[in-house]
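Every chain is numbered from 1, with letters handed out A, B, ... down the list of sequences. Values in this document were obtained by computation on a predicted structure and should not be read as measured data.
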Amino acid sequence: MERYADIVLPLAQPAYTYAVADGLDVEEGQAVAVQFGARRIYTGIVWRIHGRRPDFPRIKTVSRVLYDRPLLDARQRALWEWMADYYLCTLGEVMRFALPQTIKPSGNSEQEFADREYRPRTELYAALDASLHDEERFHDLMERLSRRAPRQYAALLAIASAEGGDRISTGEVPRRLLEADAATLAALQKKGLVTLTRRERSVERGCVRFQLPTLTPAQQSCLDTIRGHFDAGRRTVLLHGITGSGKTELYIHLIAEALVRGGDVLLLVPEIAITAQLIARLERIFGSRVTAYHSKLTLARRTESYLRLTRSDGGELVVGARSALFLPLRHLQLIVVDEEHDTGYKQTDAQPRYNARDVAVVMARLREARTVLGSATPSLESYANALGGKYGLATLDERYGDARPPLVLVSDTLRAVKRNERKTHFNRLLLDKLADVLARGEQAMLFQNRRGFAPYVECRACGWTARCPRCNVTLTYHKRDHRLQCHYCGHVETVPVRCPACRAGEVTPAGFGTEKVEEELARLFPAARIERLDRDTATSERAYRAIIDRFESGQSDLLVGTQMITKGFDFARVSLVGILNADNLLFAPDFRAAERAFQLMTQVAGRAGRRDAAGEVVIQTTEPEHPVIRQVAAGDYEAMARTQLAERRAFAYPPYARLIRLTLRQRDRDLLYRASAALAVALRGRFGRRAMGPVAPPVDRIREEYITEFLLKIESGASASRAREVLREVLRQTLGAKEFQTVTLSCDVDPQ
DNA sequence: AGCACGCCGACT
DNA sequence: GTCGGCGTGCTC
């Protein structure tokens, strides 16, 4: 019977059907090289093999299979399919991000393709010839060689002793463990004394005895709670552990349990948190079972890890960023998502716009594995799932050791202005505290969540910002027509001439970034050594490391930065943390603003926690009574969650509804607007008021393309898969029209 | 994503 | 009169 294969190519296209050459040994999930178009050769994934002849005029043939086993098993394929369906993209787009680049070469000719194919690193292995296993003969030989050929003598001795001390070796010894040069080994081979084999390097997986950290009673009981949830059949557990409570120790115990049972474990961490220190710590405990997988590794390394894992038989610990989700862990038992609230888990710049935390939960369900989501400040989505009983909840609210929570002071910026106690962006309280810190020879960190200009309007005197009357968001300043617009409902108003709050100040599109703060600090404290940490100064891993190292070793006194300063470092001498303007966190044009503000301020505040004395945190704001400020000061996550969840429910935002954002782009503005109008009509016909838009985003022209956005709200209870189905249909019907074929559409499911 | 086909400006 | 710009449509 004729065989055909539906093949997924790394394109935003559905699968293409090729004929399978007679007698070609190929199975689903395997990678193949196929010609596409006139001369291009792509790596494709065989998705399905069947006997139905497609009615295309020209059917090309798959003739070459890559690798000796499938890159994807059935469960991985099921996950890709789930992703393509859920995130409204093609399997090809999943393929582009799920497989490391060099595992799927492409080229403009057979030759070019072949040149780009992955070749495993090989290594020379040396073994003594069987004739030398006779001890007497070996000693005779060695005696002769020791005088006449000292290098050959040394090489043989090294091979013989590499395994089993002074006994005569029977196994192969990798060249890198020998000090012998190639010529010496070649000479020995020629004499028939040694056999040399070149082959793929094998990773030795020595047995290690895991040295697990001892747990405090609080940690132990939390671990028991997690186990209890799993035993009761819960797939997912949210571990809510405050800063410094030692969540990592719990992870280590859970990881060890899974590894001991022969299972694989995936530890997901935000990209920036994958440091040499974390890897080193895990390697100290789990030895060679640890595989790091993230963007800083070379392409060859990532491919090597991927291929190695396809033939592993369990007991693997992969530590990686979001793309590690796609590794072929065939015995997956546990996924740990650390800092599960971190926005870095969401891919925002390209399709598929997936959230690795959510995909992890789904994958664990498909694979009958378990997931632990850990955070000091869980996302409201996860927390609501825990409250609703969908996830188990384990809480760890005791700090490790004697560490005390920081003392949070709220400084009222409006009052400071009235009393003439504000210099540029600093209130008196913060200035005094900074002066004290410097006088005591301690360190301080200053947090400002902005680098450049500010896309909103602010009163120059009191810091008031304009907000939408219908949505709980800040209005976005539109430079083009000097008006204020709500990013969510489309509401528009003019910029007030005078500040409605203090009646004194002038309202201008303003704001300030870290650079300005650094400059002002230098003027206010000329003797202090100041450093700045943001995307502008931390241009590379090394530059980043250098700034951190100088601060850690006391070569700088003040560190100004964006959220980069919040990530996982423990600076022993930091006794003060200043948050310069909490308002732009609280009133960001985003329904998650309050949640984010709480998370960010709590994380920053956590940097001030020292081992011996409690650190201090100063929050500057014009709204000292804002519930989120009070909740941060009290360290009361539950209160924040309660109020925010109530608001989300009232406004039908996640987790009480799902959002899908549609973005249309086109160079011709009129054409774009016509397409947007047509889509608006069609969407409202099917979704009614749940479809909002079109809205012009704050930046409504990028790279000569105009942009409009729609937001679709699907309330919980409604079938999300049905909604996606209807949406796909609407999109196909409206944007599929000839007139609009050149309008580019992108979908973002669960946008950040 | 790439690449060929095709219709309008600046050049030997 | 051609070379080449990139808009448009197609690739199993």
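- At a cut-off of 3.5 Å, with distance as the only test, a side-chain donor of A/Y4 or A/R53 sits close to an acceptor on the other residue.
- Residues of residues 103-118 of chain A having a heavy atom closer than 4.0 Å to DNA chain C: none are found.
- Taking a 4.0 Å limit (strictly below) on heavy-atom distances, residues 2-13 of chain A reaches DNA chain B at A/L11, A/Q13.
- Side-chain contact, A/T348 with A/Q752: no donor N or O sits under 3.5 Å from an acceptor N or O.
- Among the heavy atoms of the strands lying under 4.0 Å from A/Y18 are primed sugar atoms or P, OP1, OP2 only; no base atom is included.
- Contacts between residues 727-746 of chain A and DNA chain C, counted as heavy-atom distances below 4.0 Å, involve A/T742.
- At a threshold of 4.0 Å, the pair A/R596-A/D590 counts as salt-bridged, since one of the basic side-chain nitrogens sits closer than that to a carboxylate oxygen.
- By the side chain to side chain contact (heavy atoms under 4.5 Å, CB included) test, A/P10 pairs with A/Y42, A/M95, A/R96, sequence neighbours left out.
- Between A/D748 and A/K346 a salt bridge is recorded (basic side-chain N to carboxylate O distance below 4.0 Å).
- Shown for residues 50-60 of chain A: residues whose heavy atoms fall under 4.0 angstrom of DNA chain C, namely A/F56, A/R58, A/I59, A/K60.
- Salt bridge absent: A/R77 and A/E81 never bring a charged side-chain N and a carboxylate O closer than 4.0 Å.
- The CZ atom of A/R667 sits 9 Å away from the C1' atom of C/dC6 (whole-angstrom rounding).
- For B/dA4, the OP1/OP2 oxygens have a side-chain nitrogen or oxygen of A/R39 closer than 4.0 Å.
- Between A/R722 and A/E725 there is a salt bridge, since at least one side-chain N of the basic residue sits less than 4.0 Å from a carboxylate O of the acidic one.
- Between A/Y345 and A/E339 the shortest heavy-atom distance is CE1-O, 3.3 Å.
- Aromatic ring centres of A/Y118 and A/Y306: separated by at least 6.0 Å.
- Judged as a side chain to side chain contact (heavy atoms under 4.5 Å, CB included), and not counting sequence neighbours, the contacts of A/R357 are A/V337, A/E340, A/N355, A/L373, A/S379, A/E381, A/S382.
- Summarising the geometry, the separation between OH on A/Y42 and P on B/dA1 is reported as 9 Å, rounded to the nearest angstrom.
- A/Y16 has its OH atom 5 Å from the C1' atom of C/dT11, to the nearest Å.
- At a cut-off of 3.5 Å, with distance as the only test, no side-chain donor of A/S305 or A/T291 sits close to an acceptor on the other residue.
- Open room surrounds CG on A/D22; 12 or fewer heavy atoms of other groups in view lie less than 6.0 Å from it.
- Using a cutoff of 4.0 Å between basic side-chain nitrogens and carboxylate oxygens, A/R322 and A/D342 are not scored as salt-bridged.
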